[in-house]
Every structure is written in C-alpha cells, then in structure tokens.
Amino acid sequence: VELNEVDIVECSVELNAFETITPLDFLVNGVVVDEDADFIATAFVTTYIQLSEEYCDSLFRNPEEVVSNDYDVVSGPDQNGVSTVRFWLDLRGTCRGCTGSEALFD
C-alpha cells in the first residue's frame, strides 16, 4: 500500500457572480418550438448541478438562472430529416475562486 501525502487547500470564501453564454448542439428530427428551448435550458442546469455535486468543479460554479437566448439550425435537414440545432443558453450564477469572466466550458 502506497500512501501519498496531499496538501490541504482551503476554498476561497469570496463568492463572485458569473455570466456566460453556452452553445449546445442537438440532433433534431422534427420541428423545434420555443417550449423546447425552455425545457432544454432547464434540463441543462439541473443536469449540470447533479454532475457538479458528484464531481469537482474547480471553480465551484453554481448556476442559478438560465435563459435560452436563441436557437438556430446549424445544418440540415439531411436525407433522414435530421437537423443540427444550436441552442444558446445565457447562464448566471455564483462561483467561488473565479473572476466571473471564465467560460463555463472551453
């Protein structure tokens, strides 16, 4: 058995507000309506929070509000009727140890 010593790192107590725009691409077979965009925005935040509770988010980001700004067809439809649709999500929340200007995903 090998034991490695680790340094204890204290979390920053300072909470900062952050805002970022995150694009999400989906393959869609059919027509997208505004209610779909709202559902996807809410599902994204719920899923992100669940995943960040299980895994470490190094910036300790907590999305608190999401708005689906827009969506557009990136490509398609193809011969099977499938299109790629990009949803633009405006996320706002708090983060610990960040300046608030980092993108949620790089």
Side-chain angles (χ1 to χ4, degrees):
V1 174
E2 183 179 336
L3 177 63
N4 293 318
E5 188 173 329
V6 295
D7 294 330
I8 297 174
V9 178
E10 300 258 344
C11 291
S12 171
V13 294
E14 182 181 353
L15 283 178
N16 299 308
F18 78 89
E19 181 173 349
T20 185
I21 295 177
T22 302
L24 293 179
D25 289 354
F26 285 88
L27 297 177
V28 177
N29 188 356
V31 176
V32 175
V33 294
D34 290 342
E35 290 80 18
D36 295 332
D38 294 338
F39 173 80
I40 286 171
T42 302
F44 173 81
V45 168
T46 302
T47 303
Y48 180 84
I49 290 172
Q50 289 173 346
L51 288 173
S52 66
E53 288 175 355
E54 292 181 32
Y55 301 97
C56 181
D57 177 355
S58 61
L59 296 176
F60 303 101
R61 289 170 286 212
N62 182 29
E64 296 169 351
E65 180 184 352
V66 62
V67 176
S68 177
N69 283 340
D70 199 8
Y71 58 90
D72 51 1
V73 176
V74 178
S75 66
D78 63 13
Q79 67 272 14
N80 297 317
V82 176
S83 299
T84 301
V85 178
R86 178 167 294 149
F87 292 87
W88 295 95
L89 305 182
D90 185 5
L91 291 163
R92 296 180 187 105
T94 56
C95 54
R96 189 177 295 137
C98 70
T99 64
S101 61
E102 293 94 348
L104 186 61
F105 300 110
D106 290 328

Colleague: Please test V67 against R92 for side chain to side chain contact (heavy atoms under 4.5 Å, CB included), starting from the C-alpha separation and ending with a verdict.
Modeller: CA-CA 9 Å; V67 176; R92 296 180 187 105; 4.1 Å; yes
Colleague: I need the D72 CG to F87 CZ distance, nearest 0.5 Å.
Modeller: 9.5 Å
Colleague: Any idea which heavy atoms bring T22 and F44 closest together, and the distance?
Modeller: CG2-CZ, 4.4 Å
Colleague: Rounded at 0.5 Å granularity, tell me how far CG in N29 sits from OG in S83.
Modeller: 8.0 Å
Colleague: Verify the cluster assignment for V82 and Y71: are they in a single hydrophobic cluster under the rule of side-chain heavy atoms below 4.5 Å apart?
Modeller: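 In one cluster: no.
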Colleague: Can you pull the salt bridge (Lys or Arg N to Asp or Glu O under 4.0 Å) pairs that have at least one residue in residues 23-50, sequence neighbours excluded?
Modeller: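 For residues 23-50, and leaving out neighbouring residues, the salt bridge (Lys or Arg N to Asp or Glu O under 4.0 Å) pairs sorted by first residue read D25-R86.
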Colleague: If hydrophobic clusters are built by linking Ile, Leu, Val, Met, Phe, Trp and Tyr wherever their side-chain heavy atoms come under 4.5 Å apart, do V32 and V73 end up in the same one?
Modeller: yes
Colleague: Atom CZ of F26 and atom CD1 of I40: how far apart are they, to the nearest 0.5 Å?
Modeller: 4.5 Å
Colleague: Does one hydrophobic cluster hold both F39 and L27, with members joined at side-chain heavy-atom distances below 4.5 Å?
Modeller: no
Colleague: My understanding is that only residues two or more places apart in sequence, or in another chain, count here; which of them pass salt bridge (charged side-chain N to carboxylate O under 4.0 Å, His left out) with E64?
Modeller: none
Colleague: Enter the distance from L24:CG to L89:CG here, rounded to the nearest 0.5 Å.
Modeller: 4.5 Å
Colleague: Can you measure from CG (L91) to CG (N69) and round to the nearest 0.5 angstrom?
Modeller: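 Going from the CG atom of L91 to the CG atom of N69 covers 9.5 Å.
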